[in-house]
> 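Dropping a structure here in structure tokens format, bear with me for questions.
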Amino acid sequence: MPANRDQVIERLRGHGITPTQQRVEIAQVLFERHQHLSADQVLARVNARDASVSKATVYNTLGLFADKGLVREVIVDPARVFYDSNLDPHHHLFHVDNGTLEDIPVSQVNVDRLPDLPAGVAVEGVDVIIRVRRSQAAR
């Protein structure tokens with residue numbers, strides 16, 4: 001994960017992205033550690049750093065970063081999208097009660113068989129999201 005501004009700028013350029021001030025601010029928040037953030041969380045964290053970035057800029061930048069392979073878009077339901085800065089192969093545990101997402105190592109999930117695929121397509125990846133809720137006994 002890039003640690004400083006120069007490393008973030010180099011990473012953006014390496015993915016064909018022009019490093020504008022707003023993009024660098026957003027990237028610094030995303031890449032400070034492996035994490036799962038919604039667009040609203042990114043917006044709040046960027047603006048808390050005394051940077052002024054609009055909601056539209058955050059959404060557009062996150063879409064660009066996902067398209068260019070800088071972050072992974074994790075859609076847990078149609079109304080909830082997270083941007084994952086961990087690009088290593090892994091799956092997710094989604095905690096329905098508190099809306100958090102947690103990484104699961106690939107080695108802990110076994111997918112034995114995939115369906116027959118249509119002609120002319122190949123598997124690009126398999127993403128598993130396991131949705132969990134605290135049991136009645138744990139409440």
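Basis for what follows: all heavy atoms, side chains included, without hydrogens, waters or symmetry-related copies. Since this is a predicted model, take the numbers as computed values, not measurements.
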> Partners of R72 by salt bridge (charged side-chain N to carboxylate O under 4.0 Å, His left out), sequence neighbours excluded?
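Checked R72 against salt bridge (charged side-chain N to carboxylate O under 4.0 Å, His left out); matches are D127.
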> With rounding to the nearest 0.5 Å, note down the distance linking CD1 in I129 to CG in L101.
6.5 Å
> Measure the spacing between CD1 of I9 and CD of Q28 and express it to the nearest 0.5 Å.
8.0 Å
> Testing L43, V71, V42 one by one against L37 for a side chain to side chain contact (heavy atoms under 4.5 Å, CB included), which residue passes?
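One option only clears the test, and that one is V42.
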> State yes or no: do V111 and V74 share one hydrophobic cluster built from I, L, V, M, F, W and Y residues joined by side-chain heavy-atom distances below 4.5 Å, directly or via other members?
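V111 does not cluster with V74.
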> Are any non-hydrogen side-chain atoms of N4 and Q7 less than 4.5 angstrom apart?
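Sidechains of Q7 and N4: in contact.
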> Taking a hydrophobic cluster as the set of Ile, Leu, Val, Met, Phe, Trp and Tyr residues connected by side-chain heavy atoms closer than 4.5 Å, whether directly or through intermediates, do V132 and V109 fall within one such cluster?
yes
> Distance-only, no hydrogens or angles: does the S85 side chain make a donor-acceptor pair with backbone N or O of E32 under 3.5 Å?
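Pair absent, no side-chain N/O of S85 close to backbone of E32.
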> Cluster question for you: counting only ILVMFWY and a side-chain heavy-atom cut-off of under 4.5 Å, with indirect links fine, are I104 and V126 together?
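Cluster IDs for I104 and V126 match.
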> Treating Q35 as the side-chain partner and V29 as the backbone partner, does any N or O pair qualify as donor plus acceptor under 3.5 Å?
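Judged by distance alone, yes, a pair lies under 3.5 Å.
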> Taking the side chain as everything from C-beta on, heavy atoms only, tell me whether L30 gets closer than 4.5 Å to L62.
yes
> Which heavy atom of N86 sits nearest to which heavy atom of D88, and what is that distance?
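So the two residues come closest at OD1-N, 3.0 Å.
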> To the nearest 0.5 Å, tell me how far I26 CD1 sits from F31 CZ.
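If I round to the nearest 0.5 Å, the distance is 10.5 Å.
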> How are the rings of F82 and H36 set to each other: parallel, tilted or perpendicular (split at 30° and 60°)?
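Ring orientation, 0 to 90° scale: perpendicular.
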> List the steps, then state whether side chain to side chain contact (heavy atoms under 4.5 Å, CB included) holds for I130 with H91.
CA-CA 8 Å; I130 301 169; H91 301 292; over 6 Å; no
> Supply the atom-to-atom distance E25 CD to N47 CG, rounded to the nearest 0.5 angstrom.
9.5 Å
> Would V96 and R134 satisfy side chain to side chain contact (heavy atoms under 4.5 Å, CB included), going step by step from the backbone distance to the final call?
CA-CA 8 Å; V96 175; R134 288 181 57 193; over 6 Å; no
> When rounded to the nearest 0.5 angstrom, what distance separates CG in L70 from CG in L64?
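It is 8.0 Å, given to the nearest 0.5 Å.
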> With rounding to the nearest 0.5 Å, note down the distance linking CD in Q22 to OG1 in T61.
7.5 Å
> May I ask you to decide if S38's main-chain N or O and Q41's side chain share a donor-acceptor pair within less than 3.5 Å?
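Yes, Q41 side chain to S38 backbone: donor-acceptor pair under 3.5 Å.
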> We want to know whether D84 and H92 form a side-chain donor-acceptor pair, criterion being a heavy-atom distance below 3.5 angstrom.
yes
> Decide yes or no for R80 and F94: does some side-chain heavy atom of the first lie under 4.5 Å from some side-chain heavy atom of the second?
yes
> Salt bridge (charged side-chain N to carboxylate O under 4.0 Å, His left out) with K68: which residues, sequence neighbours excluded?
none
> In the structure I gave you, are the side-chain heavy atoms of T18 and R23 within less than 4.5 Å of one another anywhere?
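Side chain of T18 against side chain of R23, heavy atoms only: contact under 4.5 Å found.
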